[in-house]
Amino acid sequence: MNILITGGAGYIGSHTCVELLEAGHDIVIVDNFSNSNFKVLDNIKTITSKEFKFYEGDVKDKALLEKIFKENKIDAVIHFAAYKAVGESVTKPLMYYRNNLDTTITLLEVMNEFNCHNFVFSSSATVYGSPKSLPIKEDFPLSTTNPYGTTKLMNEQILSDVATADPDFSVIILRYFNPIGAHRSGLLGEDPNGIPNNLMPYIVRVATKELPSLNIFGNDYDTKDGTGVRDYIHVVDLAKGHLKAIEKAATSKGVKYYNLGTGTGYSVLELVKTFEKVNNIKVPYKIAPRRAGDIASCYADPTKAYQELGFKTELTIEDMCRDSYNYIITKEKHLND
Ligand code: UD1
């Protein structure tokens, strides 16, 4: 298949491009580098020894999308391009609604124009809000606690309405749990600008001594050791889930929802201890107050993705800790060569 990847230079997008190319698909990437680096494209080529087409620009730019669809026969779209910082979405809600909704609507309009009806969407476990029980299944009630999450939920609704209106459409919605890790080569990974909000990028910065110590947000939750529990999934496993999803989209109609997680929850302390052990490095930490909006535990029931997509994660929490660190300690080299 020839697949358009929006946000293909981003963290999850770039790993997915590698998996698609290695599986023999052709890809076309569109990215505006608002939160990524041009060098990522070279690194995808280095890993795969494959070529692909690339367009620099914004997915909200309809003329650009029409040009891409005119110049390429696109069979399916995987839509990653979006803003994703929870805190920023609270202070700049309109920026989030404008960007995260307009991109999807514009894409869908142009797909209709060019008779392309296979769509895979990057959603998030954030759409489950504060779940009443665990593990989380796809049919659990949906709610959100911040504008970022609301844009994910609104996108899901838009896609579902479009698939209802046009029976030719096939939409696969992937709800990611907590992606961490990096490509084994050290050539692709995550390195957010500024002080990280998410746990693994923060741990890595403490390990490299760029930050003095980790604040663990609460040790009085009703969990195994009192710290928050999450379902961390290696980004390479997550990328492989997109390969399964694209195959499913090509052979089914309507809208389908899948959790992409491992099904196992690890606490903050467990993640810190594992990171220290596999990388043989200390991560100093302090216990801090709970972070507003956090829930105690969140992990997936991955059964549906296994039964219907044949998706099963393979990489361990040790792999995630090793690869996250490896990417950061080698990244200067890979991004500047
Ligand atoms: C958050 C978002 C989710 C998004 C995901 C991206 C919410 C409600 N959820 O998930 O929508 O998809 O990021 O990966 O905002 N922690 C610390 N110290 C830190 C940072 C985090 O103790 O410095 C703890 C948190 O309290 C939590 C766990 O680590 O228990 C994971 O936090 P984080 O990596 O930020 O992810 P989520 O909040 O689960």
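Counting convention: from 1, in listed order, for ligands and their atoms alike.
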What atoms of ligand 1 come within less than 4.0 Å of a heavy atom belonging to Gly228? 30 (O)
Out of curiosity, Arg230 CZ to Phe177 CZ, how far, rounded to the nearest 0.5 Å? 10.5 Å
Is it the side chain, the backbone, both or neither of Asp294 that has a heavy atom closer than 4.0 Å to ligand 1? side chain
With a 4.0 Å heavy-atom cut-off (strictly under), which part of Tyr176 contacts ligand 1: side chain, backbone, both or neither? neither
Judged by heavy atoms only, the candidate from Val206, Ile12, Leu211, Val86 nearest atom 2 (C) of ligand 1 is Val86
So does Lys60 pair up with Asp102, basic N to acidic O under 4.0 Å? no
Heavy-atom contacts under 4.0 Å between Thr227 and ligand 1: side chain, backbone, both, or neither? neither
Measuring from non-hydrogen atoms of Gly149 to any atom of ligand 1, is the shortest distance under 4.0 Å? no
Checking the N or O distance criterion of under 3.5 Å, is ligand 1 in contact with Asn198? yes
Heavy atom under 4.0 Å from ligand 1: found in Asn197's side chain, backbone, both, or neither? backbone
Taking only Lys NZ, Arg NE, NH1 and NH2, and the carboxylate oxygens of Asp or Glu, determine whether Glu318 and Lys277 approach each other closer than 4.0 Å. no
Proximal ligand 1 atoms for Ser124, defined as those under 4.0 Å from one of its heavy atoms: 11 (O), 12 (O)
For ligand 1, which atoms, with element, lie under 4.0 Å from some heavy atom of Asn178? 10 (O), 36 (O), 37 (P), 39 (O)
So is Tyr285 touching ligand 1 or not, going by heavy atoms under 4.0 Å? no
For a salt bridge (charged side-chain N to carboxylate O under 4.0 Å, His left out) check, start with the C-alpha distance between Glu270 and Lys273, then their side-chain angles and the critical distance, and finish with the verdict. CA-CA 5 Å; Glu270 284 176 325; Lys273 294 292 165 206; over 6 Å; no
